[in-house]
Amino acid sequence: MRVISGTLKGRPLKAVPGSGTRPTTDKVKESIFNMLGPYFEGGTGLDLFAGSGGLGIEALSRGLHSVIFVDRDAKAFQTIKANLHDCDLVEQSEVYRNEATRALKAILKREITFDYIFLDPPYKQQKLQQLLEFIDEHNLLNESGYVMCEHGSEITLGDRVGGLEKIREETYGLIRISIFSKGNEGRNDK
């Protein structure tokens, strides 16, 4: 695993030990960022179900100012911290060991909102619909922001979840990427 592009291009990333997490492949990661950017001029991100932190670190490398990383697994938590340290990104990040819904509620109390939210939950515990509803209902996504959902290709998310509209969907073998936006319908129809 490595950072694909940006200021940290080529930097190796540690994987989470064991088989509990499934890192996003380089091909899929590159496709995700081609749909979202591919580069950013600042902004804030949330990497929920962060695993090794690869998506959030890639976003920082491509120009986001700050990212909050959340994973409930102790090994993932330690791996994220190690990767951020190795990439000199500790100052631009916060890392929390927490369950996704509890983390969102804590973020809500802090009144933080995001330009980019990365959702890559375990495929077998599909909670994307509920997470999207929570994000929309509590306005956690800034205007013109994006939510990226990585899920199994057998799952199809609706075209709209409240004020969030699906603007892009791509399938890569067993993986499907769904991109939702708020307030900028069709802006990224590449």
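Reckoned from all heavy atoms, side chains included, excluding hydrogens, waters and symmetry mates. We're numbering straight along the sequence, starting at 1.
Here S178 pairs with H151, E169 under the side-chain hydrogen bond (donor to acceptor under 3.5 Å, both in side chains) rule; sequence neighbours left out. For R2, the salt bridge (charged side-chain N to carboxylate O under 4.0 Å, His left out) criterion is met by D26, not counting sequence neighbours. Residues that satisfy the ring-ring contact (aromatic ring centres under 6.0 Å, His included) test with F134, not counting sequence neighbours, are H138. Applying the salt bridge (charged side-chain N to carboxylate O under 4.0 Å, His left out) rule to K14 yields the partners D86; only residues at least two apart in sequence or on another chain are considered. Residues passing the side-chain contact (heavy atoms from CB on, under 4.5 Å) test with A50, sequence neighbours excluded: D47, F69, I80. Residues that satisfy the side-chain contact (heavy atoms from CB on, under 4.5 Å) test with Q130, not counting sequence neighbours, are K127. Contacts of T156 classified as side-chain hydrogen bond (donor to acceptor under 3.5 Å, both in side chains), with partners at least two apart in sequence or in another chain: R176. Remark: E170 engages R168 in a salt bridge (charged side-chain N to carboxylate O under 4.0 Å, His left out) (not counting sequence neighbours). For S61, there are no side-chain hydrogen bond (donor to acceptor under 3.5 Å, both in side chains) partners two or more places apart in sequence or in a different chain. When the salt bridge (charged side-chain N to carboxylate O under 4.0 Å, His left out) test is applied to K29, no partner is found at least two apart in sequence or on another chain. Annotation: side-chain contact (heavy atoms from CB on, under 4.5 Å) contacts of E137 (sequence neighbours excluded): none. For Q78, the side-chain contact (heavy atoms from CB on, under 4.5 Å) test picks out no residue, with sequence neighbours left out.
You'll find the side chain of L104 reaches within 4.5 Å of the side chain of L48, heavy atoms only. Residues T79 and N83 have side chains in contact (heavy-atom distance under 4.5 Å, counting atoms from C-beta outward). I155 has its side chain out of reach of L128: every pair of non-hydrogen atoms, C-beta onward, lies at least 4.5 Å apart. With a 4.5 Å cut-off on side-chain heavy atoms, H65 and L60 do not count as touching. Side-chain atoms of E30 and P38, non-hydrogen and from C-beta on, never get closer than 4.5 Å to each other. With a 4.5 Å cut-off on side-chain heavy atoms, L164 and S181 do not count as touching. With a 4.5 Å cut-off on side-chain heavy atoms, V147 and I179 do not count as touching. Between Y146 and F114 the shortest side-chain heavy-atom distance does not fall below 4.5 Å.
The shortest non-hydrogen separation linking T113 to N139 is CG2-O, 3.3 Å.
Summarising the local packing, NZ of K166 is surrounded by more than 12 heavy atoms from other residues, nucleotides or ligands at distances under 6.0 Å. The environment of E41 atom CD is sparse: at most 12 non-hydrogen atoms of other residues, nucleotides or ligands sit within 6.0 angstrom.
With rounding to the nearest 0.5 angstrom, the CG atom of L46 is 7.0 Å from the CD1 atom of I135. Here the CG atom belonging to L132 is positioned 11.5 Å from the CG atom belonging to L140, to the nearest 0.5 angstrom.
The closest donor-acceptor contact from the side chain of K182 to the backbone of L141 lies under 3.5 Å. Proximity of a side-chain donor or acceptor of D73 to a complementary backbone N or O of A76 within less than 3.5 Å is detected. At distances below 3.5 Å, not a single donor-acceptor pair connects side-chain atoms of E165 with backbone N or O atoms of I167. Listed for the D71 side chain is no donor-acceptor partner under 3.5 Å among the backbone atoms of F77.
Side-chain contact check for Y172 and S153: no donor-acceptor pair (N or O, by modelled atom type) lies under 3.5 Å.
Note: F49 and F118 fail the aromatic proximity criterion, with ring centroids not under 6.0 Å apart.
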